[in-house]
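Below is one structure; the comments refer to it alone.
All chains are named by letter (A, B, ...) in the order of the sequence lines, taking the proteins before the strands, and each is independently numbered beginning at 1. This one's a predicted model, so the numbers in the text were calculated from it and none came from an experiment.
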Number of protein chains: 2
Amino acid sequence: MLHLCYYCNMIKYSELKNILKQHKLRVTDCRMDVLEYFIKNNQAFSFKNLEDEFTQYDRVTLYRTLHSFTENGVFHKIPSDTGMITYGVCSTTCSPQNHQHNHMHFQCNCCGKVECLAEDHIPVVKIPLYEVMEVNMILKGVCPQCIA
Amino acid sequence: MLHLCYYCNMIKYSELKNILKQHKLRVTDCRMDVLEYFIKNNQAFSFKNLEDEFTQYDRVTLYRTLHSFTENGVFHKIPSDTGMITYGVCSTTCSPQNHQHNHMHFQCNCCGKVECLAEDHIPVVKIPLYEVMEVNMILKGVCPQCIA
DNA sequence: AACACAAATGCAACATAATTGCAATTAAAA
DNA sequence: TTTTAATTGCAATTATGTTGCATTTGTGTT
Ligand SMILES: [Mn+2]
Ligand SMILES: [Mn+2]
Ligand SMILES: [Zn+2]
Ligand SMILES: [Zn+2]
């Protein structure tokens, strides 16, 4: 489990570093900054988001950061019908081989935010004649912040 | 309802033409060919698929064909986590304003085929504090043809 | 059947997004 | 501290998507 400050959502440097270590990734500035950004904002981001946010890093480095994170079970990809992939932080029990993503995703039509609905589990689906190995569920609508 | 040949899955030229007419689209070679291709194969295709299949048409024309089809309720977009959007044929009851897509989609990890599971309805989802307006469900696994 | 008009197409140019190769730099192990 | 391999930044390349415009085509009207 991650330990975030209940007030500012910040995470300890050592914990952040451990996440990278646990996934056999070298600890670099770019990786630390990107991972911290995802965790403290508790939402999913696209490559474009990162490019706008982290102008100090080369675009190629950001591409490669997202790539190594998804390859190594730090991030998971969230499908979209716009062609714009967003990435979410994996649960601590995820490994490259064994992802545990039975949660839904929500995209707000109003503010554009994409988030993992970690508490809402996707029902088990069986389809005759098919072998279903993975189920993705993406909800669209209006998020609580935009409703208020 | 569409009337397809039970043997070869082919559709009558007049029916194809009517689909375009019903959506207030002019009947052109490119549109007829693309629509026929989707219907007779009964699966979803990406822009790339069309570009490979229809070399006689300009890329721009194919882009614009997909665009006018989705704008006018002939096709719907199917989300993916690869950044590659695929398109499926809408049901005959779809209009530009009112789409009826409560069905699931299946992507085969083996042959890559994407298809609409028209018979399998997506459950109604309610999330406290959120307003859910649309739900997409994408299954991945192995299709019956690849299992056999 | 011929005409008029708007819509669709093809092509070239342009713009944006993503990938690759390689030298310089840096993290981690020895 | 030294060694080694992974990571980074930059330039070049490739892939993907968009726009403007002249030409062609579909469709309603005469
Ligand atoms: Mn998620
Ligand atoms: Mn569908
Ligand atoms: Zn919102
Ligand atoms: Zn298959």
> What residues in residues 51-60 of chain A put a non-hydrogen atom under 4.0 Å from any atom of DNA chain C?
Replying inline: Arg59(A), Val60(A)
>> Evaluate His101(A) against His121(A) for ring-ring contact (aromatic ring centres under 6.0 Å, His included), listing each step before the verdict.
In response: CA-CA 9 Å; His101(A) 293 301; His121(A) 290 347; over 10 Å; no
Do any N or O atoms of the protein come closer than 3.5 Å to N or O atoms of nucleotides 24-28 of chain D, and which pairs are they?
{"residue": "dG26(D)", "atom": "N3", "partner": "Arg26(B)", "partner atom": "NH1", "Å": "3.1"}
{"residue": "dT27(D)", "atom": "OP1", "partner": "Val27(B)", "partner atom": "N", "Å": "3.0"}

Partner residues of [X] under the side-chain hydrogen bond (donor to acceptor under 3.5 Å, both in side chains) criterion, sequence neighbours left out:
| X | result |
| --- | --- |
| Ser80(A) | Thr82(A) |
| Lys77(B) | none |
| Thr28(A) | none |
| Asn49(B) | Ser46(B) |

> Heavy atoms under 4.0 Å, any strand shown: does Arg64(A) hit a base, just sugar-phosphate, or nothing?
Replying inline: base
>> Which Ile, Leu, Val, Met, Phe, Trp or Tyr residues join Ile78(B) in one cluster when any pair of side-chain heavy atoms under 4.5 Å counts as a link?
In response: Val114(B)
Without placing hydrogens or testing angles, list every side-chain donor-acceptor pair under 3.5 Å for residues 122-133 of chain A, not counting sequence neighbours.
{"residue": "Tyr130(A)", "atom": "OH", "partner": "Glu115(B)", "partner atom": "OE1", "Å": "3.2"}
{"residue": "Tyr130(A)", "atom": "OH", "partner": "Glu115(B)", "partner atom": "OE2", "Å": "3.1"}

>> So if I take residues 77-84 of chain A and measure heavy-atom distances to DNA chain D, which residues fall below 4.0 Å?
In response: none
>> Distance under 4.0 Å to a non-hydrogen atom of chain A counts as contact; along DNA chain C, which nucleotides mark the start and end?
In response: dA17(C) to dA28(C)
> Taking all atoms of both residues into account, what is the closest heavy-atom pair of Ile85(A) and Gly83(B), and its distance?
Replying inline: CD1-N, 3.5 Å
>> To the nearest 10°, give me the bend of the helix from dA1(C)-dT30(D) to dA30(C)-dT1(D), comparing the axes of its five terminal pairs at either end.
In response: 40°
> Are more than 12 heavy atoms from other residues, nucleotides or ligands located less than 6.0 Å from atom CE of Met32(B)?
Replying inline: yes
> Does Tyr37(B) have any ring pair (Phe, Tyr, Trp, His ring centres under 6.0 Å) partners at least two apart in sequence or in another chain, and if so, which?
Replying inline: Phe45(B), Phe54(B)
> Would you say the ring centroid of Phe75(A) lies under 6.0 angstrom from that of Phe38(A)?
Replying inline: yes
